[in-house]
Structures are given as structure tokens and as C-alpha cells.
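These numbers come from the heavy atoms of this one structure, side chains and all, not from hydrogens, waters or symmetry mates. Here is the naming used below: chain letters follow the sequence lines, and residue numbers restart at 1 for every chain.
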Amino acid sequence: MNIHEYQARAILRDHGIPVPEGFVAETPGEVRRAAEEIGAQVVVKAQVHAGGRGKAGGVKLASTPAEAQELAGAILGMEIKGHAVRKVLVGPAETIASEAYVGIVLDRAQQADAVMVSPAGGVDIEEVAATNPAAIMTRRIDPRYGLFDHQAGELGRFLYPEAEKAKQARSAAAILQKLYEAYLGSGATLAEINPLIVNGAGEVLAIDAKMNIDDNALFRLPQIEALRDPEAEDPAETAARAAGLSYVRLDGNIGCCVNGAGLAMATMDLVKHYGGEPANFLDIGGSSNPAKVVAALELITADSAVSSVLFNIFGGITRCDDVARGIVQATDSFDLQIPITIRLTGTNQAEGLAILARRGFQALSDMDGAVRAAVELGG
Amino acid sequence: MNIHEYQARAILRDHGIPVPEGFVAETPGEVRRAAEEIGAQVVVKAQVHAGGRGKAGGVKLASTPAEAQELAGAILGMEIKGHAVRKVLVGPAETIASEAYVGIVLDRAQQADAVMVSPAGGVDIEEVAATNPAAIMTRRIDPRYGLFDHQAGELGRFLYPEAEKAKQARSAAAILQKLYEAYLGSGATLAEINPLIVNGAGEVLAIDAKMNIDDNALFRLPQIEALRDPEAEDPAETAARAAGLSYVRLDGNIGCCVNGAGLAMATMDLVKHYGGEPANFLDIGGSSNPAKVVAALELITADSAVSSVLFNIFGGITRCDDVARGIVQATDSFDLQIPITIRLTGTNQAEGLAILARRGFQALSDMDGAVRAAVELGG
Amino acid sequence: MGIFIGGDTKLIVQGITGRDGSFHARQMIGYGTQVVAGVTPGRGGKAFDDAVPVFDTVAEAVAETGANASVVYVPARFAADAGFEAISAGVELVVIITEGVPVADMLRLLPYAREHGARIVGPNCPGLIVPGVCKVGILPGNIVAEGPAGIVSRSGTLTYEVIDCLTKAGIGQSACVGIGGDPIVGTSFVDCLEAFENDPRTAAVALIGEIGGTDEQVAAEYVSKHMTKPVVGFIAGRSAPPGRRMGHAGAIISGAEGTAAEKVRSFQENGIAVAERPVEVADLLGARL
Amino acid sequence: MGIFIGGDTKLIVQGITGRDGSFHARQMIGYGTQVVAGVTPGRGGKAFDDAVPVFDTVAEAVAETGANASVVYVPARFAADAGFEAISAGVELVVIITEGVPVADMLRLLPYAREHGARIVGPNCPGLIVPGVCKVGILPGNIVAEGPAGIVSRSGTLTYEVIDCLTKAGIGQSACVGIGGDPIVGTSFVDCLEAFENDPRTAAVALIGEIGGTDEQVAAEYVSKHMTKPVVGFIAGRSAPPGRRMGHAGAIISGAEGTAAEKVRSFQENGIAVAERPVEVADLLGARL
């Protein structure tokens with residue numbers, strides 16, 4: 001799950017990390033009032049689940065409340081990488097003596113969380129990693145022991161190596177310890193501050209914050225689940241999640257309904273292989289519940305770009321008769337205007353085929369043939 | 001450091017453990033008002049740093065506020081194992097369906113914290129261990145992983161094995177997890193609930209609570225250090241701590257001032273070996289600061305039972321000249337009425353002896369001889 | 001005999017009285033797996049299907065039955081603890097079928113397993129099967145056949161698809177291992193490749209990967225450096241967009257990392273023939289047997 | 001040669017620029033210990049006394065100097081972390097002199113040391129000395145003499161007292177180890193006894209115990225079962241009251257456990273002659289050499 005910058009900042013602040021004050025606003029008028037409250041130059045930042053906001057014009061500096069209001073008018077409602085901006089964060093424009101990057105991220109290859117820091121902050125850290133890897137220091141965290149003080153201290157000194165910046169180095173070390181607490185306490189797989197600045201007064205402050213949350217951890221973190229912003233997510237994906245489906249909308253025309261994530265990806269790939277374009281990723285999961293099939297078909301057909309529906313079911317735990325029942329239920333309850341191709345094999349295959357045959361559906365038993373047929377039918 | 005029952009209960013409650021309400025009172029009138037507030041039968045319990053309160057008459061049941069006031073009048077001011085009762089805890093008298101024991105304790109031999117539980121609660125757990133060890137289940141905690149849920153679950157079921165008490169077993173498991181959090185968060189070396197009861201409504205409640213705190217952890221737990229009750233401690237020991245000395249008052253007449261805890265114990269033992277009785281344990285520590293010697297001598301001589309003072313200094317880091325200077329300073333600043341025997345050897349021994357000789361003190365170089373002399377002088 | 005499991009596997013089913021646990025316990029028993037005990041806290045003393053003793057704790061189950069493996073069907077919030085319990089009790093192999101286990105739980109469980117010399121397979125995996133001998137997990141027993149092909153995969157039904165193609169093509173399997181679709185899993189491709197390389201019954205291996213992470217690349221290097229047996233590969237998710245989780249928690253392209261193209265290239269550079277379509281796995285493997 | 005330290009010990013002083021660290025670094029250098037590096041975070045690049053290079057981290061110190069041991073003089077709140085750092089850097093022996101380290105910190109540090117095959121001595125200990133060869137810690141070098149007696153003790157100055165008695169009685173020492181007065185220490189009596197038993201330069205051992213815990217009883221059983229060399233004992237705290245901490249955090253009688261009487265009895269039952277007075281240790285040991 002993604003959360004907004006302003007939410008991540010609040011989490012960091014709750015863990016004792018120094019974050020400048022900020023106001024969330026949904027209208028230009030609110031932005032003006034926030035800027036008046038701050039009483040100084042402000043930054044207005046789009047709150048969307050997408051990177052590259054600055055380049056897209058979603059981050060602006062305003063000298064007066066009136067200017068802030070005007071700029072917010074432009075930012076609110078704009079689209080950044082397909083995400084409509086509905087909220088902005090308004091905060092004081094800090095004087096910046098230096099910018100650093102600090103982040104904690106799940107390192108899959110090392111099977112551990114890792115802290116990364118770089119004195120080259122304010123830019124994309126992947127770019128720094130590619131062009132100037134010596135400017136990054138990384139330390140693995142042993143989850144049994146946590147981030148050691150000496151690790152945090154070394155990372156802090158890497159950011160601020162000058163003897164006269166010993167205070168900033170200690171601040172950064174303390175911030176890293178708190179960032180790891182915030183990361184753990186939020187079920188995060190990414191928590192980064194970019195930039196971490198030294199301001200004119202020599203204080204170390206977190207200006208921007210980003211956190212990604214492990215969906216699997218949400219069941220025990222209701223306070224984090226509550227940060228979910230349904231407005232910032234695709235309504236179809238929200239509906240899919242509510243129905244217990246795993247769904248990702250894509251740009252094509254072949255609607256896919258598959259059991260199992262790996263098979264669903266392989267089905268999309270095969271659609272493409274045979275010249276089609278998948279309209280979605282959709283995994284109905286392992287359990288065979290006809291209601292899920294109905295919900296899946298509703299989701300797929302709600303996408304007006306879909307011109308052909310493909311079912312690819314390899315029954316293991318999923319029972320073919322249940323899927324067939326779901327298809328029958330769905331086509332009973334609404335008028336399917338587009339062709340449907342069904343591949344059904346595995347557990348209770350014969351029963352499933354019989355149920356479908358009774359309604360005039362003919363099912364295929366091999367994946368390749370079904371995908372080819374669906375692509376052809378999609379035109 | 002010891003804390004009072006009412007303080008330990010507050011810590012447990014802060015960690016989400018169900019603890020019945022309770023009021024701390026220092027006068028019979030306050031006890032009466034607390035009993036009126038509770039509006040039911042109450043228990044009045046002496047708050048002292050000593051076990052065996054019940055046997056000593058420090059725990060009483062009262063049916064009416066007037067009776068509570070009367071009983072409190074008897075309890076407040078009584079002495080339990082040398083500790084004057086200055087506070088009582090007043091709480092509702094719970095109906096008790098069953099009593100259990102749960103505790104977390106530092107297991108020195110295993111170098112780990114251990115959870116101990118017993119369905120035989122409300123009595124001394126050491127007695128249960130001696131007479132009915134099968135009634136105790138113990139599980140070690142790996143500090144890197146914490147108390148596992150399956151361990152807590154098993155311990156809970158050991159307390160409440162009956163199928164119809166599955167709810168109580170789960171409650172107890174949850175309480176154990178919270179107790180471990182409270183233990184860790186308080187720098188404890190002991191945290192026990194005895195008894196943990198099931199009340200008439202089937203709820204599992206912590207009735208009595210006891211915690212011992214690792215003195216070494218207090219530097220990072222100011223909120224725990226703030227629980228220290230100087231009134232409940234020996235004023236001489238409080239003064240010693242403030243002066244950076246390690247001091248324990250004993251019953252004898254030979255005041256001992258030693259550098260190093262092991263040597264201080266060995267000195268006491270030797271006093272006893274030669275027929276004397278040590279008046280105290282006193283370790284001035286490793287650093288050689290004349291001010292500490294002055295404070296030590298003040299402490300020792302403030303005890304009117306002391307009839308002979310013995311210095312036993314083996315200089316390592318401690319420098320004999322510094323100790324000698326301290327002795328001179330102390331005897332300059334107040335009039336020492338009792339004989340003093342000095343054993344001084346090791347680092348800067350010659351300088352130390354010279355300083356003492358100038359003031360007419362003669363020092364010995366062997367421990368046995370010094371102790372024998374001090375015992376003789378003590379009469 | 002077998003990969004991680006075999007005829008000497010004595011299995012505990014953790015969560016045997018649950019909906020999934022009971023269903024699959026019966027399937028495993030039906031396949032011939034020695035299911036020696038079930039564990040459901042608070043249900044100790046009963047017998048599952050009048051045949052398998054149920055215990056409150058894994059420690060009791062091990063003490064009473066000598067079990068050496070366990071399979072976990074408990075809900076996600078209890079899954080890692082079930083693993084800790086099994087390892088504490090001396091179980092050597094813990095297969096976690098459960099989907100939805102927090103990554104942070106796995107990061108703590110895996111070092112515990114290492115400390116105790118235990119192996120975790122999964123989570124979010126279909127388990128293992130050695131055709132004709134033993135099945136631990138949920139892989140359908142009816143689609144496999146005995147033979148020389150080792151299968152290792154991050155997914156479930158896609159693996160069934162490939163197995164089915166192989167069986168229909170007359171290529172039986174020495175063992176099939178589903179390592180799971182999560183970002184952090186206990187047993188890696190390399191662990192399985194090493195086991196297949198050392199398994200006399202395996203003649204060639206199919207490696208079914210997908211987008212996300214770099215396990216396939218690490219596996220490809222291992223194949224090139226350490227394996228004598230032929231390996232063929234398949235990567236799911238060539239058409240997946242970056243930054244989106246494709247069902248599996250681990251199936252996500254992060255920045256430039258974890259793309260299918262990168263994995264396919266790594267396979268090809270390290271001598272692993274890559275199938276374009278699932279059914280081609282059978283062709284490629286057949287040509288190498 | 002030596003017990004845990006010897007001529008090949010290349011020592012790092014953690015906290016070398018502090019008051020205690022600098023004083024004792026000079027003492028150790030003066031005694032002939034190879035002090036190859038100091039560590040004080042933020043002070044890297046300087047030289048201590050124009051002779052010993054100072055580094056920001058233990059890892060750098062090890063990389064540059066090949067150090068294999070470290071002694072910790074940092075304040076209590078940083079002591080355990082200093083241990084973690086030294087172990088992470090590959091140091092094999094970490095001697096923690098610092099007093100006042102929280103027990104909870106030690107409970108976490110010790111498994112880390114075990115995982116990495118490192119030894120912790122202390123905390124709250126005077127360290128070790130191999131007379132004439134190497135000294136790590138704060139034991140005064142001027143009171144020891146080379147000879148056949150191994151000394152192991154939970155305390156500081158009481159150990160000096162015993163060493164002094166031995167030296168004055170003409171009995172030199174093979175090594176003296178102060179294991180520390182805290183309830184949880186990294187190296188036990190048994191660890192030291194085993195090392196003395198295997199050390200060809202040691203002919204007999206003096207074990208200086210005190211009230212609190214059961215280490216002395218465990219040691220006594222070890223002596224009776226595994227040692228061929230004579231051991232004599234002394235227990236401090238015979239006159240200590242129960243329930244009161246006698247200076248050392250570990251010197252406390254809890255309930256019926258940890259009394260001097262119990263320890264003396266355990267010594268006697270296991271063939272360890274017990275001195276009544278410190279000076280008698282020399283008599284008992286002398287009679288056994």
C-alpha cells in the first residue's frame with residue numbers, strides 16, 4: 001500500500017523525527033489560509049501516489065499567500081502519471097544548507113532490511129546508485145538486534161564527515177534509529193527521507209518523506225490501514241480488493257480471469273504472444289467461490305475497452321464446477337455483450353464442462369488454444 | 001531498585017494488563033474516602049519494600065468505609081521487617097474463583113529471562129517450587145525473538161487446561177506477552193503477578209504486582225527512576241548513592257571503608273572471623289577522589305553503633321595518596337571521636353603513608369593485621 | 001530419495017482442524033504421505049479422522065511421533081509463530097502454505113531457522129511433491145507422474161500447468177518444489193537447483209520464474225557455475241507493467257529491477273534455454289533428456 | 001600461551017581518548033601489550049600519544065591493523081554497542097571493563113558473541129593479565145609475578161589482594177582473569193577453569209567467588225568432573241545479609257539461593273580446599289604446587 005507524503009511525515013513526527021510543520025489542503029482557499037498561517041514563503045506539493053512530482057510541475061514555491069493560492073489552483077486537479085491531484089501539502093520553504101538522502105528499504109536479495117544514506121540528496125537515489133555509488137553507504141539491519149548505534153553513528157558521520165558537523169552527524173544517527181522504529185511500526189518495506197536537510201540554523205530536518213507498506217502487515221496495523229486513500233487508487237482495484245480478487249488494470253482489450261498469480265501473468269504474456277493486448281491482470285485466488293467469479297466478470301466487463309473475455313482455469317484447489325457455476329450465474333445476472341472464451345481443466349473438470357454445456361458454453365482444455373481464440377475474438 | 005505494588009500495578013495497566021482500580025492513601029481519612037469511592041468491600045494493603053505483608057498484618061479486608069479507615073489506622077505506621085508503612089493501597093475486594101502465579105525473572109544460570117507460571121497462586125512461589133515443582137511451568141525467552149506466541153499460549157493453557165477455560169487461557173497468554181513488554185520497558189529483573197485471579201465474572205485479573213528494577217538500566221529510564229521512593233529506603237543509603245558510594249547498613253560496630261566490592265565483603269568476613277561485627281558494607285569504588293573518602297567517613301560515623309573505623313585500601317586505580325588526603329580532610333572537618341585503623345597498600349603507597357604520618361596516623365600494610373586491630377579497638 | 005522430502009518424511013500438519021488443513025491433510029494421506037500428527041492448540045488428545053493424533057503443541061507431537069517435517073496451514077497472523085514453534089521443537093523442514101505472511105515476520109523467522117539448521121519452504125507456496133512417494137502441501141497429486149524432470153517454481157497454478165504439459169508429453173517428474181511468491185522465502189531457487197544437481201533421480205530441471213527481485217538471476221549464475229544437468233526456464237510477467245504488484249507480493253518490478261527481460265537475458269547468458277510459452281517447457285526439456 | 005590473551009594479542013582500545021581509556025592504554029602499553037589501535041567515533045585519523053592510530057570504527061581498526069582483541073572503556077550506555085561493533089568487525093575477544101551495563105544489554109550481546117564465535121569477558125571486570133607477557137584491562141602489573149598459579153575471580157581489588165599474597169609468598173601466576181561482578185557475564189568460571197586445565201603453564205588454580213547466583217557451584221562440579229589440576233577456593237560475603245546488593249550487581253542472595261555457605265559447601269564436596277581468609281589462599285595453593 002502507498003501512503004501520501006503528508007501521512008508519512010506524520011508517522012515520522014510521531015516517532016520523534018524533526019519534520020517542519022505542514023498543512024494538507026484540498027482547495028486553493030485552504031492553501032491560502034495555510035500560507036497565511038505559516039506567514040512566510042511556502043512550498044505547495046501535490047499529494048499523489050506517483051514519483052517525479054517536481055518534474056511534472058506538482059511542486060511549487062510561493063512567496064505570498066495569494067501566489068500560493070494561485071499555484072494550488074493549477075496543481076489541484078492536474079494529472080501526474082495518471083493520478084489526479086486532489087490534495088496538496090503546504091509547508092514553510094526552508095533555507096537549505098545541504099541536502100542528504102536517508103532511507104530504509106527491504107533488500108530482497110540479502111533477505112534483510114537495509115539502511116542507505118547519501119550526502120547527495122534531493123535527487124533520485126537510483127540515479128546516484130548508478131552514477132556515483134561511492135556517494136552511498138549501505139548497512140544491513142539484523143532484525144534480531146535492530147540497527148546498532150555504531151551503525152547509525154557511522155552512517156551519520158558519512159553524511160556529515162566534517163569535525164564541525166559532529167552535531168549534525170549525531171542528529172542524523174538519531175533520526176535513522178527513529179526512522180527504523182517508524183519503518184518497523186508501520187509494516188513498511190520502504191521509508192525514505194529525501195531530502196534530509198541542514199537548514200540555515202544548522203538543524204537537521206526531514207523535508208520529504210515516502211513510505212511503502214507491506215500489504216500483508218496491514219491486518220495488525222489498523223492505524224496504518226486507516227491511512228489508505230481510496231480516492232487515490234483505481235476504483236476498480238478497490239472493488240476487486242473488497243471482493244477478494246487481485247486485479248490490476250492494463251491498457252488492452254482482452255479481459256483475463258485466471259486462478260493463480262503466476263498463471264495469470266503467463267496468460268497475459270500469451271495474449272501478447274498471440275498478438276493481443278491484455279486488459280488486466282486478474283487472479284481469482286485459490287478458493288473456488290462462484291461469487292468471486294461473478295465479481296471478476298463484472299470487473300472485467302466494466303472496462304469498456306474489453307472486447308473479449310478469457311477464462312483460464314487450472315483447477316487444483318479451485319474446482320472447475322464452481323467456476324462454471326460462477327460463469328453461469330454471472331451471465332444470468334447481466335447481459336454479456338462480448339465474446340467469452342473459457343479454458344477449464346483440472347479438478348472436477350467434467351462436472352464443470354457439463355454445467356457450461358447446458359448453457360451453450362463450449363470450453364477448451366488447453367491454454368494456448370484458448371488464448372489464441374480469445375485474441376481472435378477480440379479483433 | 002524496588003518499586004511499590006501500586007507503582008508496579010500502574011506499569012502493568014499502562015501495558016494493557018487488566019488490573020482492578022486502586023487508590024494510594026497516606027492517611028486513614030484518605031482510605032475512608034477511597035473506600036467510599038469504591039463503594040464495596042475493600043482491601044487495604046501496606047506499601048513497603050518487604051515481602052510477607054499478609055503474615056505481618058499489613059493486608060486487611062474491610063466491609064465498610066469506616067472499617068477501612070480503622071484498619072488503615074493500624075496499618076499506617078506499623079513496621080514490617082524494619083520498614084515503616086507510610087502508604088497503603090485501597091482496592092475493591094474481588095471475588096476469587098481461582099488464583100494463579102505468573103512471573104518473569106532473570107535466570108542468571110541460564111543467562112536468559114524466564115517466564116514461570118503456576119496454577120498454585122497466592123502463595124510463595126519458592127515454596128511451590130520446593131514442594132510441588134510439577135505445578136510450575138517455566139519457559140526461557142530468547143531476547144532476540146521475544147516471548148513466542150506459542151510459548152505464551154502453552155503457558156496459558158497450563159494455567160487453565162480445561163476446555164471450557166480456553167478464554168481464560170488466551171487471556172493469560174495475552175497478559176504474559178504484555179508482562180514481558182512491561183518487564184523489558186521497565187528494565188526489570190523481576191515482574192510477577194501473584195495472584196493472577198479469575199473473578200466471579202470469569203475475567204482474568206492481576207491482583208498483586210511486584211517488580212524489581214535493574215539499577216544499571218535506570219540511566220535510560222527516567223520515568224522508572226522517578227518511581228524511587230526515598231522515604232522507603234534507608235536515608236544513609238540514599239546519601240551514599242548521592243555521593244557515588246555503595247553502602248549497606250548492618251548491625252555491627254566496626255565501620256568499614258574499602259575500595260572494591262569483593263574486598264569490602266572479604267573485609268566484613270574477616271571482621272567477623274576475628275570476632276567483630278561489621279557495621280556496614282562500604283565500597284568507595286575505583287576512582288580515588290578524596291571527597292568520596294570524606295563522604296564515606298561521614299556516613300560511617302553517623303551510625304552511633306560504630307565504635308571503631310577500619311580503612312582497607314588496596315590501591316590499583318585507587319591511589320593511596322588520594323585516600324590519605326581524604327582521611328586527613330575528613331578528620332580536619334569534623335572531630336572523629338572513635339579509633340581509626342588504616343590499611344593502605346598499592347599505588348602511591350609511600351606518598352599516602354607520608355601524608356598520614358604527618359597527621360599522626362599510622363597505617364598498616366596487611367589486611368589481617370588491620371582487621372584484628374580494628375576489632376580489638378572496637379571493644 | 002527426493003528433494004527435501006521423501007519416504008522417510010514423517011509429517012505434522014499444523015492447523016489440521018482448520019478448513020484448509022483438514023482438506024489437504026486428507027489429500028496428503030491419500031497420496032501416501034506419512035502424516036503422523038496434527039497440531040491445533042487446545043485440541044490436543046483428539047484424533048483427526050480417527051487416525052491421526054492431534055496435539056496441543058509441536059513439541060508434544062515430535063516427542064510422541066518422531067516427526068521430522070511440518071506443513072503450516074494456519075492463518076497468516078499465526079504462520080510465523082507456527083514456524084518458530086516447529087523449529088523450536090526440532091522439526092527440520094517447515095513448509096508454510098499460508099499466503100499473506102508479513103515480510104517482517106519472515107525476516108525474523110529465517111535466521112531462527114538457520115540457527116537451528118532447519119529449512120523453511122514458502123510461505124505463500126504450494127509445497128513439494130515427489131511423485132509416487134510423498135506430497136507436502138497442496139500440489140495436485142493427479143497431474144504428476146514419476147520421471148526425470150525436476151521442477152522448481154515461484155508460483156502455484158502455473159506450476160500445475162507446466163507439470164500437466166510435461167506429464168502429457170510423457171515426461172515424468174523427480175520432484176516439484178513451489179518456493180512461493182513472496183519477496184522473502186525460506187528456500188531459494190539455488191537451494192533447489194543444488195538439491196536437484198545432487199539428486200540421482202533428476203536428469204534435467206525446469207525453473208519457472210517471474211518478475212520481481214533477482215532470484216532468477218542468482219539462480220542463472222549458479223546454473224552456469226555449478227550445474228552439470230540441463231536447466232530450462234520460463235519467466236512469467238513479460239507483459240506486466242512496472243511498479244504494480246501482480247498478485248504475488250513478490251511479483252513487482254521496482255525501478256529497473258526485476259523485469260522479465262532482465263531475467264530472460266540472464267537465463268540466456270548462462271546457458272538456460274527459455275520457453276516462450278508454458279507448453280514449450282515440455283519441448284525444451286524433452287529435447288534435453 | 002596464556003589464557004585468552006598472550007603474545008599474539010593485538011589489542012584495540014575502545015574509548016582510547018576517554019579518561020579511563022587513555023590512562024589504562026598507557027598502562028597496558030607500558031606493560032608490553034601490543035596496543036595496535038584505538039577507537040573513538042569522530043576522532044579517526046589522529047594518533048594517541050603520537051604512537052597508536054585512532055579510528056572512527058572498529059572495522060577500520062581491524063582492517064588496518066589486524067587486531068584480534070579489544071578492551072572497552074566507554075560509558076555504560078555505549079558499552080554493549082561497543083561489544084556489538086567489535087564482534088561485527090571480527091574481533092575474537094572483547095573485554096568490557098565498564099561498570100553499570102544493563103543486564104538486558106548483556107542478554108542481547110552474549111548470543112551475538114556466540115553466533116560469531118567471539119568471547120566476551122566482563123562487563124564490570126578488571127580484565128586479564130598474563131604476567132610478563134600481556135595485560136588487557138586494569139589489573140595492576142606491578143603486583144603480579146610469573147609462575148604456576150592460575151587465578152580467576154569475580155572481583156577486582158580482592159583479586160589484587162590475593163595476587164599480592166601469592167606473589168609475596170613466592171607463588172607467581174600463569175594468568176589472572178577477572179570475570180566481573182555482574183549477574184550476567186560473558187566468560188564464566190568454567191570457561192576459565194577449562195582454559196587453565198589445558199594451559200601447560202598452569203599447575204594449580206585459585207577460584208575467588210562471592211555470594212549471588214550459582215556460578216561457583218557449577219564451577220565446583222566442573223572441577224570435580226573434569227579437572228586434574230588442584231583448585232583452591234575463597235568465597236567473599238559470608239557475613240552479607242540476604243536480599244541486599246553488596247556493591248557488585250551480581251552479589252546478592254536471592255531467597256535461599258546464592259549464599260556463601262552453600263558455595264563453600266559445594267566447594268568442599270567437590271574437593272576444593274576453601275580458604276577462610278584471603279591470605280590463606282596462598283597457603284593452600286602453595287601446599288598443592
- request: Mind running side-chain contact (heavy atoms from CB on, under 4.5 Å) on D:L107 and B:L106 for me, showing each step along the way?
  value: CA-CA 10 Å; D:L107 291 183; B:L106 173 67; 3.9 Å; yes
task: With side-chain contact (heavy atoms from CB on, under 4.5 Å) as the test, would you mind laying out the steps for B:M265 and D:L158 before giving the verdict?
output: CA-CA 9 Å; B:M265 281 188 274; D:L158 175 57; over 6 Å; no
task: Could you give me the CA-CA distance, side-chain angles and deciding distance for B:D366 and D:K168, then say whether salt bridge (charged side-chain N to carboxylate O under 4.0 Å, His left out) is met?
output: CA-CA 11 Å; B:D366 83 303; D:K168 283 179 175 153; over 6 Å; no
message: The test is side-chain contact (heavy atoms from CB on, under 4.5 Å); show your working for B:K272 and D:R238 and say whether it passes.
response: CA-CA 9 Å; B:K272 196 135 184 166; D:R238 293 172 183 228; over 6 Å; no
message: Working note: D:R277 + B:V371, criterion side-chain contact (heavy atoms from CB on, under 4.5 Å); need CA distance, chi angles, decisive distance, verdict.
response: CA-CA 11 Å; D:R277 299 171 296 138; B:V371 171; over 6 Å; no
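In this structure a side-chain-to-backbone donor-acceptor pair under 3.5 Å is present from B:R108 to D:G250. Of the possible donor and acceptor atoms, none in the side chain of D:E276 sits under 3.5 Å from a partner among the backbone N and O of B:L270.
The greatest number of non-hydrogen atom pairs below 4.5 Å with chain B, out of D:E257, D:H248, D:M246, is found for D:M246. Counting heavy-atom pairs closer than 4.5 Å to chain B, the top-ranked of the candidates D:S239, D:S254, D:G247 is D:S239. Contact count against chain B (heavy-atom pairs under 4.5 Å) is highest for D:D164 among D:D164, D:L139, D:V162. Counting heavy-atom pairs closer than 4.5 Å to chain B, the top residue among D:S155, D:G100, D:P140 is D:G100. Taking D:A104, D:G213, D:A76 one by one and counting their heavy-atom pairs under 4.5 Å with chain B, the maximum is reached by D:G213.
With a 4.5 Å cut-off on non-hydrogen atoms, B:D269 touches chain D through its backbone and its side chain both. With a threshold of 4.5 angstrom between heavy atoms, B:N259 approaches chain D through its backbone and through its side chain. Looking at D:R77, both its backbone and its side chain come within 4.5 Å of chain B, counting heavy atoms on both sides. Both the backbone and the side chain of B:D113 come within less than 4.5 Å of a heavy atom in chain D. If you measure heavy-atom distances from D:V103 to chain B, the contacts under 4.5 Å come from both the backbone and the side chain. Only the backbone of D:I235 comes within less than 4.5 Å of a heavy atom in chain B; its side chain stays farther off. Neither the backbone nor the side chain of D:Q217 comes within contact range of chain B; no heavy atoms are under 4.5 Å apart. In this structure, the portions of D:P102 lying under 4.5 Å from any heavy atom of chain B include both its backbone and its side chain. Looking at D:R245, the atoms closer than 4.5 Å to chain B (heavy atoms on both sides) sit in the backbone and in the side chain alike. Contact of D:E161 with chain B is made through backbone and side chain together, with heavy-atom distances under 4.5 Å. Residue contact with chain D, scored on non-hydrogen atoms closer than 4.5 Å, involves the side chain of B:E126 exclusively. Contact annotation for B:E237: only side-chain heavy atoms (C-beta onward) come within less than 4.5 Å of a heavy atom of chain D. Looking at B:A266, both its backbone and its side chain come within 4.5 Å of chain D, counting heavy atoms on both sides. Both the backbone and the side chain of D:T157 come within contact range of chain B, judged by heavy atoms closer than 4.5 Å. In this structure, chain D has no heavy atom under 4.5 Å from any part of B:L184. Contact annotation for B:Y274: only side-chain heavy atoms (C-beta onward) come within less than 4.5 Å of a heavy atom of chain D. Neither the backbone nor the side chain of D:Y112 comes within less than 4.5 Å of any heavy atom of chain B. Interface remark: D:P183 contributes backbone and side-chain atoms alike to the contact with chain B (heavy atom separation under 4.5 Å). If you measure heavy-atom distances from D:L110 to chain B, the contacts under 4.5 Å come from the side chain alone.
Using a 4.5 Å cut-off on side-chain heavy atoms (C-beta onward), D:V279 and B:M367 make no contact.
For CD of D:E99, the number of neighbouring non-hydrogen atoms (other residues, nucleotides, ligands) closer than 6.0 Å is 12 at most.
A salt bridge links B:R220 and D:D105; the closest N-O separation between the charged side-chain nitrogens and carboxylate oxygens is under 4.0 Å.
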